[in-house]
Amino acid sequence: MSIQKPSLPKGTRDFGPSQMARRNYILDTIKDTFRLFGYQQLETPSMENLSVLTGKYGDEGDQLLYKILNSGDYLKKVNATDLDAGTAAMLPKIAEKGLRYDLTVPFARYVVMNRNEITYPFKRFQIQPVWRADRPQKGRYREFYQCDADVVGTDSLICEVEILLMIRRVFAHLKLTDYDIKINNRKILTGLSEVIGEPGKEGQLCVAIDKLDKIGWEKVQEELLQRGFAQPSIDKLEPVISQKGSNADKLEFLKGFLASSEEGTKGVRELEEVFALLAEYGEDEAHVELDLVLARGLSYYTGAIFEVKVNKVSIGSVSGGGRYDNLTGVFGLEGVSGVGFSFGVDRIYDVLEELSLFPADQERSTEVMIGYFDEKGKKYGLKVLNALRQAGLSSEIYPDEVKVKKQFHYADKKNIPFVIMIGDEEIDQNKVTLKNLHTGDQSMYDLAEAITLIKA
RNA sequence: GUGGUUGUAGCUCAGUUGGUUAGAGCGCUGGUUUGUGGAUCCAGAGGUCGUCGGUUCGAACCCGAUCUUCCACCCCA
């Protein structure tokens, strides 16, 4: 019987106590914010029927889905001809479930299945892991968490504004100051493709233009040519690429540039209203930047699109989202529009780490540990322990009778700020010795006094 | 999915053209003090060198496969 070394599947991680403390610091901030804006929490199963998931993320997406082998004799329904037909044809016979790939599709499924119980507009948030059979890299995992907030059943641009406000609140609480919320509108991109003489190609345009930051204008032109755009059309795009200035300046420019496109003009008007509403809230435009070349690959966006980039760090975007007109159409429920966005917790974690923005005492859990010299002290300590907990102090007693040195060492390693020591003297005088591990000071007090001191 | 990269003690890393018993720092355990942790000093434990196979008298080192890490592309949070 050989002992096997345990290991983790590629692209997955354990979260130890200190990581969990830090993750919860981020997640609690996000949850508080979602609730503050009236969103309610939803959870859906880790696995969905494969029919719910396939075909929603494109061919590549289907490849990245984790499929779950049927229970029992999973080859039961397979015969020789199925084997010859290849993987794609055989898949439905051996797997009927899969792990969720994102939170949007399960949400759409939920809305459709509960369409009659839901009161619209429906504001929900959802924080759960998702799985992708991608090749992992730094900041890219096969299991990771998404924090989605969506509101469906309203076209109001107030939702867009509130997304901006939620992002700003979360980042302010996390002490992140140097970041940009980039905003654009899919209708503007549609308008652009019309105006430059390539109508209907906004999808292709998006894919290429989205890389501007990364590969530069020259390379983007090459890519556009490859994607079948004519050189004169590309030339017409030039003034948009080089457009600089304030959000108002850019909108002014677009108004003229897209005048001939009905759709584009609509997009401009929507953006204008978002900025106008923001002002109505009494808020400024800090961190909000209209980015004419922000595209985002996802094809289902139809209105506003968002992306958040933290400056001066090596991590890509940490949040993104947008408006979609027909979330639930694939499940047979037409006309449910909505807008949503998502925080990438894992990436925010990396950003906070890179910028050393995690609070120092995040790891502390226990406030007081009780130590003692012998069995008598231990028994006395149990009463003290109970009193501490009733006073609302997170506390523990060292469970084994070992040397005092070892007890203190434990408290020190666990970053426990106070130790209450029990010996014969304390028992005789009905007191406790309280030691502050940070300063090293210690003296004897009544238990009630000690509790007040710890709470101070 | 394509191309490349990494793996030696719990952690960060040395390790000569292939040659006897694979090292350091930090950490860990015990002691120096019989009512006290974090500093000093002393001692100690811990490695089938990612795994499997091959070449060789001999492999941490050379070759192959596989797993893992990270990177670029694709795509994405």
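Just so it is clear: chains get the letters A, B, ... in the order the sequence lines come, proteins before strands, and each one is counted from 1.
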Distance between the [atom1] atoms of [N] and [M], in whole angstroms?
N: B:U20; M: B:G58; atom1: C1'; value: 11 Å
N: B:G46; M: B:U34; atom1: C1'; value: 31 Å
N: B:C61; M: B:G15; atom1: P; value: 15 Å
N: B:C70; M: B:U32; atom1: C1'; value: 46 Å
N: B:G64; M: B:C74; atom1: C1'; value: 29 Å
N: B:G7; M: B:C76; atom1: C1'; value: 28 Å
N: B:G18; M: B:U56; atom1: C1'; value: 9 Å
N: B:C52; M: B:G38; atom1: P; value: 41 Å

| Using the benzene-type ring in the case of Trp, are the ring centres of A:Phe34 and A:Phe125 under 6.0 Å apart? |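 Ring-ring flag for A:Phe34/A:Phe125: true, centres closer than 6.0 Å.
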| query | So, for A:Pro121 and A:Val151, which heavy atoms are closest and what is the spacing to 0.1 Å? | reply |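 Closest approach of A:Pro121 to A:Val151: CB-CG2, 4.0 Å.
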| task | Nearest 0.5 Å please: distance from the CZ atom of A:Arg323 over to the CG atom of A:Leu157. | result | 6.0 Å
| query | If you measure from NE2 on A:His173 to CG on A:Asp32, what distance do you get to the nearest 0.5 Å? | reply |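 A:His173 NE2 to A:Asp32 CG: 8.0 Å, rounded to 0.5 Å.
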| request: Please indicate yes or no: is the ring centre of A:Phe144 less than 5.5 Å from the centre of the six-membered base ring of B:A77, with the two planes inclined by under 30 degrees? | output: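 The base of B:A77 is stacked with A:Phe144 (centres under 5.5 Å, planes under 30°).
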Kindly list each side-chain donor-acceptor pair under 3.5 angstrom involving residues 336-353 of chain A, sequence neighbours excluded, with atom names and distances?
residue  : atom : partner  : partner atom : Å
A:Ser337 : OG   : A:Asp155 : OD1          : 2.7
A:Ser342 : OG   : A:Asp148 : OD1          : 2.8
A:Asp346 : OD1  : A:Arg13  : NH1          : 3.0
A:Asp346 : OD1  : A:Arg13  : NH2          : 2.9
A:Asp346 : OD1  : A:Arg23  : NH1          : 3.1
A:Asp346 : OD2  : A:Tyr145 : N            : 3.2
A:Arg347 : NE   : A:Gly139 : O            : 3.4
A:Arg347 : NH1  : A:Ser317 : O            : 3.1
A:Glu353 : OE1  : A:Arg22  : NH1          : 2.6

If you restrict it to nitrogen or oxygen atoms, what contacts under 3.5 Å exist between nucleotides 38-47 of chain B and the protein, and what is each distance?
residue : atom : partner  : partner atom : Å
B:G38   : O4'  : A:Asp412 : OD2          : 3.1
B:G38   : N2   : A:His438 : O            : 3.3

| Would you say the side chain of A:Gln407 and the base of B:U36 hold a donor-acceptor pair, judged only by whether the two atoms sit under 3.5 Å apart? |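 No, the side chain and the base share no sub-3.5 Å donor-acceptor pair.
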| If each of A:Tyr410 and A:Ser342 is mapped to the nucleotide of RNA chain B with the nearest heavy atom, which maps nearer the 5' terminus, i.e. the 5' end? |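 Closest to the 5' end, via its nearest nucleotide, is A:Tyr410.
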| task | Pick out which of A:Thr104, A:Thr302, A:Asp150 makes a side-chain hydrogen bond (donor to acceptor under 3.5 Å, both in side chains) with A:Tyr324. | result |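 Checked A:Thr104, A:Thr302, A:Asp150 against A:Tyr324; only one passes side-chain hydrogen bond (donor to acceptor under 3.5 Å, both in side chains): A:Asp150.
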Looking for any heavy atom pair under 4.0 Å, which part of the strands does [X] touch: base, sugar-phosphate only, or nothing?
X: A:Gln63; value: nothing
X: A:Gly11; value: sugar-phosphate
X: A:Glu426; value: base
X: A:Thr433; value: base

Atom pairs under 3.5 Å: protein N/O with N/O of nucleotides 70-75 of chain B:
residue : atom : partner  : partner atom : Å
B:C71   : OP2  : A:Lys138 : N            : 2.3
B:A72   : OP2  : A:Gln137 : OE1          : 3.2
B:C74   : O2'  : A:Glu60  : OE2          : 3.2
B:C74   : N4   : A:Arg140 : NH1          : 2.8
B:C75   : O2   : A:Arg140 : NH2          : 2.3
B:C75   : N3   : A:Arg140 : NH1          : 2.9
B:C75   : N3   : A:Arg140 : NH2          : 3.1

| query | Salt bridge or not for A:Lys123 and A:Glu162, using N-O below 4.0 Å? | reply | yes
| Hey, what's the ring geometry for A:Tyr101 with A:Tyr57, parallel, tilted or perpendicular (30° and 60° as the breaks)? | tilted
| message | Can you confirm whether more than 12 heavy atoms, excluding those of A:Glu375, are under 6.0 Å from its CD atom? | response |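 12 or below, so no.
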